[in-house]
Engineer: 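Would you mind keeping the following structure in view while I ask a few things?
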Amino acid sequence: MPERKDFLDRLKKIDELKSMGINPYPHYFKVNSTIREIVESPDLFMGKNVSIAGRVMALRYHGKVGFGDLSMDNFKIQLFLKYEVLKDNYDFFKKFVDKSDIIGVEGDVVRTEKGELSILVKNFIILTKSLYDLPHAWFGLEDVETRYRQRYLDMLLNKDVFEIFRKRSMIVGEIRRFLDSKGFLEFETPILQPVYGGANAKPFITHVNAIDRNYYLRISDELYLKRLLVAGYPKVFEIGKDFRNEDIDSRHNPEFTMIEIYEAFKDYNDMMELTENLIKHLAQKINGSLKVKIGENEIDLSGEWKKVKLLEKLKEGGVDPNTITDDEIKKLLEKYDIKMPSYVRGIALTKLFEEIYEHTFINPTFVIDYPRESTPLCKLHRNDPNLVERFELFINGIEIANGYTELNDPILQEKFFNEEVERRILGDEEAQQKDTDFIEALRVGMPNAGGVGIGIDRISMILTSAKSIKEVIYYPILAPKND
RNA sequence: GGGCCCGUAGCUCAGCUCGGUAGAGCAUCUGGCUUUUAACCAGGUGGCCGGGGGUUCGAAUCCCCUCGGGCCCGCCA
């Protein structure tokens, strides 16, 4: 493959600069203002002398006068270059400063005849010589593959993409502040685990050479965070990556970010309240509004969020969990093309519910009180031992959060783990492993507690109106490229 | 895992139905121009048409294989 022409042209310029004793990658240039500050409060800066730095995004020459766009942090200011000010340096700029270079400039904040806020450049320095021209600014970078493989170009050229990731960063920071203000402590639990647990998923397997054992990349943080409750911390959380070796689509990436929160002496009602308050707080802080539009869907986060009991909803839809036979359920599974490695009534009902109703919950909806078999880590419902005190939150038809009143009975926990092991033997690859160390911890005694996991990527999608999880993940997983 | 679509210049795309010397706009390069902002005017450079194989006198175009990507479905958060 021949080298790009822009690359070769710019290499020549670098050689010329060096031969003149000019370092194309100098160490330091003192800035005293940012482009953002000037653009946001032009009156404060008008007529003043400033030193700023940024990337050259456009150049427009008109003989002995020229204009450029200098950009940083998604803010842009015009450079105003005049021969009568710069003299010989004007020609130097014209010859050696290219689009995409990062430069520092010193000059006065002015407005041009057309009223454009500008820096009348008096001095300038090349800070980073770029060897590639940027993709065309007007058409932007639309090739999806290039956008994901070279995300920095995507962010540099597509302002909305830049803002999505700025918001994502703000969301994570705001979550930490919110929980900190309520007295929660953040912990970092193991990512490499000898036994994985806390969710139903296929794991990534790795190997720890030092002890010659296969380990797993965690699929959730749950069982380690609960050990912290045993240890005596009443309010804990963790924000981190989980890894699930499953398929990729607009809502799933094999590595994704989750926050899990556990609080002693609380139950799932408290955790729903916490979740609702947190997400409303985020929407207000990030977007200044509790309304979000995603595609055709207008989502309203205000008001008290709806709670729907899973079995009651099924019953309303004509599937009465009290009277329906297993054979009838199996027929429905077939009708909706749902495959189960081993038939378990409660799981079958949950899957039917998910298939029929999940996508219909556009405004935030808590689905509560799941069949007992849907998860082995949840406490039985206080009024019905066939149910567990579990909730899932849906917004825009996708699952955003999952929480429960945590199971802290070590005897029951061991029994439920054993049931999972049986299901695994029957071929369910996503059945959970039995974590005997965790049972040991429960025998010491874990306070009654509520817990919730919230998908950070998913909530970022909601708050940035992103239609695909790839739009909120910096580098979504892609196959390596070769010919 | 199944179905549909896409890959041509640095970027955005046409050309493919119906095979005949690889195109446009922008970017880049060279001139010109002292208030532009998709600047403008004139001229030039730039491509193994994702990769491999086949059919053919001749393939970007037809056929087969393969790589990468997108969307939908299944499973999953």
Side-chain angles (χ1 to χ4, degrees), chain A residues 1-10 12-13 57-69 76-86 90 95 98-100 110-118 120 130-149 153 157 198-203 219-220 242-260 336-341 351 354-355 358 392-394 398-402 428-430 453-459 461 467-470 476 478-483:
Chain A
M1 176 142 150
E3 291 289 1
R4 289 168 54 160
K5 185 170 177 295
D6 50 353
F7 178 70
L8 296 174
D9 284 347
R10 292 179 182 210
K12 273 186 220 151
K13 287 190 187 180
M57 299 301 285
L59 289 168
R60 304 175 287 280
Y61 290 107
H62 303 255
K64 300 240 179 297
V65 66
F67 302 90
D69 294 332
K76 181 178 88 178
I77 196 165
Q78 177 166 270
L79 300 179
F80 187 13
L81 307 156
K82 293 181 88 167
Y83 176 79
E84 71 181 48
V85 173
L86 291 165
Y90 182 84
K95 179 163 185 192
D98 292 305
K99 220 161 63 178
S100 182
V110 298
R111 284 198 189 276
T112 59
E113 280 178 19
K114 293 276 166 70
E116 180 78 19
L117 185 67
S118 307
L120 179 61
S130 170
L131 298 181
Y132 286 149
D133 193 18
L134 292 171
H136 196 272
W138 180 250
F139 296 110
L141 179 65
E142 294 184 1
D143 180 69
V144 175
E145 196 176 341
T146 308
R147 289 186 48 224
Y148 294 157
R149 288 190 194 280
L153 290 179
L157 291 158
N200 299 318
K202 286 171 225 154
I219 58 171
S220 92
D242 289 342
F243 306 86
R244 299 187 186 175
N245 210 342
E246 289 159 359
D247 247 338
I248 303 163
D249 63 26
S250 64
R251 294 183 298 280
H252 300 87
N253 194 63
E255 67 175 290
F256 62 103
T257 306
M258 180 99 107
I259 176 167
E260 292 193 33
Y336 287 106
D337 201 24
I338 300 167
K339 292 176 208 87
M340 289 183 65
K351 283 186 183 284
E354 288 170 352
E355 174 69 23
E358 263 188 22
E392 290 193 286
L393 170 66
F394 296 90
I398 63 175
E399 186 186 338
I400 301 296
N402 176 25
D428 188 344
E429 285 183 87
E430 292 180 354
I454 304 170
I456 298 290
D457 314 281
R458 296 266 177 97
I459 197 64
M461 286 171 69
K467 287 185 187 142
S468 165
I469 199 166
K470 290 192 170 112
L478 294 180
K481 192 171 186 171
N482 47 37
D483 296 332

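Any value given below was found using the heavy atoms of this structure, including those in side chains, with hydrogens, waters and symmetry copies removed.
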Engineer: Just checking N402(A): base, sugar-phosphate only, or nothing, at a heavy-atom cut-off of under 4.0 Å?
Structural biologist: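 No contact.
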Engineer: Restricting to salt bridge (Lys or Arg N to Asp or Glu O under 4.0 Å), what partner residues turn up for E392(A), sequence neighbours left out?
Structural biologist: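 Testing E392(A) for salt bridge (Lys or Arg N to Asp or Glu O under 4.0 Å), a comparison that skips the adjacent residues, returns R390(A).
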Engineer: For H62(A) and R60(A), which heavy atoms make the closest approach, and how far apart are they?
Structural biologist: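 Looks like CD2-O, 3.7 Å.
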Engineer: With the side chain of D249(A) defined as its heavy atoms from C-beta on, choose the nearest nucleotide among U35(B), G69(B), G74(B).
Structural biologist: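 So the nucleotide nearest the side chain must be G74(B).
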Engineer: K82(A) has a side chain; which of C29(B), U37(B), U35(B) sits nearest to it?
Structural biologist: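 That would be U35(B).
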Engineer: List for me each residue that meets side chain to side chain contact (heavy atoms under 4.5 Å, CB included) alongside T112(A), sequence neighbours excluded, and say none if there are none.
Structural biologist: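 Side chain to side chain contact (heavy atoms under 4.5 Å, CB included) list for T112(A), sorted by chain: F67(A), Q78(A), F80(A), K114(A), E116(A), S118(A).
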Engineer: Please give, in whole Å, the distance from C75(B) C1' to F256(A) CZ?
Structural biologist: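 In whole Å, C75(B) C1' lies 14 Å from F256(A) CZ.
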Engineer: For the P atoms, the ones on C40(B) and on G23(B), what distance do you get once it is rounded to whole angstrom?
Structural biologist: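 The same atom, P, in both gives a distance of 24 Å.
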Engineer: What distance, rounded to whole Å, do you find between the two P atoms, one in A59(B) and one in U17(B)?
Structural biologist: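 Result for the P pair: 14 Å, nearest Å.
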Engineer: C75(B), U28(B), G70(B): which one has an atom nearest the side-chain heavy atoms of K99(A)?
Structural biologist: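 Looking only at side-chain atoms, K99(A) lies closest to U28(B).
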Engineer: Which value, in whole Å, describes the distance between the P atoms of nucleotides C63(B) and G47(B)?
Structural biologist: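 C63(B) and G47(B) have their P atoms separated by 29 Å.
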Engineer: Nearest to the side chain of Q78(A), heavy atoms from C-beta on, is which of G74(B), U37(B), C33(B)?
Structural biologist: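 When the side chain of Q78(A) is considered, U37(B) is the closest of G74(B), U37(B), C33(B).
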Engineer: What is the nucleic acid contact for Y148(A), judged by heavy atoms within less than 4.0 Å: base, sugar-phosphate only, or nothing?
Structural biologist: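 Sugar-phosphate only.
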Engineer: Using atom P in both nucleotides, what's the gap between G68(B) and C29(B) to the nearest angstrom?
Structural biologist: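 Roughly 36 Å separates the two P atoms.
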Engineer: Looking at the side chain of Y61(A), which of U37(B), A27(B), C33(B) is the nearest nucleotide?
Structural biologist: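 Nearest to the side-chain atoms of Y61(A), counting from C-beta on, is C33(B).
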Engineer: For a quick check of understanding: with a heavy-atom distance under 4.0 Å over all strands, which category does R149(A) fall into, base, sugar-phosphate or nothing?
Structural biologist: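 Result for R149(A) = sugar-phosphate.
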Engineer: Within the 4.0 Å heavy-atom criterion, would you say Y83(A) contacts the bases, only the backbone, or no part of the nucleic acid?
Structural biologist: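 No contact.
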Engineer: For the backbone of T257(A) and the side chain of D457(A), can you confirm whether one donor and one acceptor N or O come within less than 3.5 Å of each other?
Structural biologist: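 A pair under 3.5 Å: yes.
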Engineer: Whole angstrom is fine here: how far is it from CG in D247(A) over to C1' in G2(B)?
Structural biologist: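 Nearest whole value for this atom pair: 11 Å.
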Engineer: The side chain of A479(A) is closest to which nucleotide in this list: G68(B), C33(B), U35(B)?
Structural biologist: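 That would be G68(B).
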Engineer: Across the strands shown, which category fits E116(A) at heavy-atom distances under 4.0 angstrom: base, sugar-phosphate, nothing?
Structural biologist: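 If one applies the 4.0 Å heavy-atom cut-off, E116(A) turns out to touch a base.
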Engineer: Tell me whether the side-chain N/O atoms of K470(A) come closer than 4.0 Å to OP1 or OP2 in G70(B).
Structural biologist: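 Yes, because at least one side-chain N or O of K470(A) sits under 4.0 Å from OP1 or OP2 of G70(B).
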Engineer: In whole Å, what separates the C1' atom of C71(B) from that of U37(B)?
Structural biologist: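 Nearest-Å result for C71(B) against U37(B) at atom C1': 37 Å.
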Engineer: If the C1' atom of C33(B) is compared with that of A42(B), how far apart are they to the nearest Å?
Structural biologist: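 Approximately 12 Å lies between the C1' atom of C33(B) and that of A42(B).
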Engineer: Just how far, in rounded Å, is C1' of C73(B) from CD of E354(A)?
Structural biologist: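 Rounded to the whole Å, the gap is 17 Å.
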Engineer: Quick one: closest heavy-atom pair of G198(A) and S220(A), and the distance?
Structural biologist: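 Closest approach of G198(A) to S220(A), heavy atoms only: CA-OG, 3.2 Å.
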Engineer: Could you write out each protein N or O paired with an N or O of nucleotides 6-12 of chain B at a distance under 3.5 Å?
Structural biologist:
from   : atom 1 : to      : atom 2 : distance (Å)
C11(B) : O2'    : G140(A) : O      : 3.2
U12(B) : OP1    : E142(A) : N      : 3.0
U12(B) : OP1    : D143(A) : N      : 2.9
U12(B) : O3'    : E142(A) : OE1    : 3.3

Engineer: Among G69(B), C29(B), C75(B), which nucleotide sits nearest the side chain of K13(A)?
Structural biologist: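 Selected nucleotide (nearest to the side chain): C29(B).
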Engineer: Would you classify N253(A) as touching base, sugar-phosphate or nothing, given that sugar-phosphate means primed atoms plus P, OP1 and OP2, and contacts are heavy atoms under 4.0 Å?
Structural biologist: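 Base, at least one base heavy atom under 4.0 Å.
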Engineer: H62(A) has a side chain; which of G70(B), C33(B), U37(B) sits nearest to it?
Structural biologist: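 Closest nucleotide to the H62(A) side chain: C33(B).
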Engineer: Classify E84(A) by what it touches in the nucleic acid, base, sugar-phosphate, or nothing, heavy-atom distance under 4.0 Å.
Structural biologist: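 The answer is base, as E84(A) lies within the cut-off (heavy atoms under 4.0 Å) of a base atom.
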Engineer: According to the Watson-Crick and G-U wobble definitions, with both distances under 3.5 Å, which nucleotide is paired to A27(B)?
Structural biologist: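 Pairing partner, where one exists within any strand: none, as none qualifies.
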Engineer: To the nearest Å, give me how far apart CG (L120(A)) and P (U34(B)) are.
Structural biologist: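 Atom CG in L120(A) sits about 17 Å away from atom P in U34(B).
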Engineer: Just checking K467(A): base, sugar-phosphate only, or nothing, at a heavy-atom cut-off of under 4.0 Å?
Structural biologist: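 Contact class for K467(A): none.
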Engineer: Once you apply the 3.5 Å cut-off to both distances, tell me the Watson-Crick or G-U wobble partner of G68(B), or none.
Structural biologist: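 WC or wobble partner is C6(B).
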Engineer: Is it the case that the side chain of Y83(A) and the backbone of G66(A) share a donor-acceptor pair, with hydrogens and angles ignored and the cut-off at 3.5 Å?
Structural biologist: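 Flag not set: sc Y83(A) to bb G66(A) has no pair under 3.5 Å.
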Engineer: Looking at every strand, decide which applies to E260(A) at a 4.0 Å heavy-atom threshold: base, sugar-phosphate, or nothing.
Structural biologist: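 Nothing, no heavy atom under 4.0 Å.
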Engineer: What is the distance from CZ of R251(A) to C1' of C72(B), rounded to the nearest Å?
Structural biologist: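 From R251(A) CZ to C72(B) C1': 11 Å.
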Engineer: Contact class for L478(A) vs. all strands (heavy atom < 4.0 Å): base, sugar-phosphate, or nothing?
Structural biologist: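 Counting heavy atoms under 4.0 Å across all strands, the contact made by L478(A) is with sugar-phosphate only.
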Engineer: In terms of side-chain heavy atoms of S250(A), which of C75(B), G70(B), C72(B) is nearest?
Structural biologist: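 Closest nucleotide to the S250(A) side chain: C72(B).
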Engineer: According to the Watson-Crick and G-U wobble definitions, with both distances under 3.5 Å, which nucleotide is paired to C40(B)?
Structural biologist: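 Here C40(B) is engaged in a pair, and the nucleotide opposite it is G32(B).
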Engineer: Under the salt bridge (charged side-chain N to carboxylate O under 4.0 Å, His left out) rule, what pairs show up with a residue in residues 243-256 of chain A, not counting sequence neighbours?
Structural biologist: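 Matches after skipping sequence neighbours: K241(A)-E255(A).
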Engineer: Report the distance from atom NZ of K76(A) to atom C1' of A38(B), rounded to the nearest whole Å.
Structural biologist: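 Atom NZ in K76(A) sits about 10 Å away from atom C1' in A38(B).
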Engineer: Residues two or more places apart in sequence or in another chain: which of them pass salt bridge (Lys or Arg N to Asp or Glu O under 4.0 Å) with R149(A)?
Structural biologist: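 Per chain and number, R149(A) pairs via salt bridge (Lys or Arg N to Asp or Glu O under 4.0 Å) with E145(A).
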Engineer: For the side chain of D133(A) and the backbone of D6(A), is there at least one donor-acceptor N/O pair under 3.5 Å apart?
Structural biologist: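 Such a contact is absent between D133(A) side chain and D6(A) backbone.
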Engineer: Provide the distance between the two P atoms, one in A9(B) and one in G50(B), to the nearest whole Å.
Structural biologist: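 So the two P atoms sit 8 Å from each other.
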Engineer: Quick one: salt bridge (Lys or Arg N to Asp or Glu O under 4.0 Å) partners of K467(A), sequence neighbours excluded?
Structural biologist: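 Checked K467(A) against salt bridge (Lys or Arg N to Asp or Glu O under 4.0 Å); zero matches.
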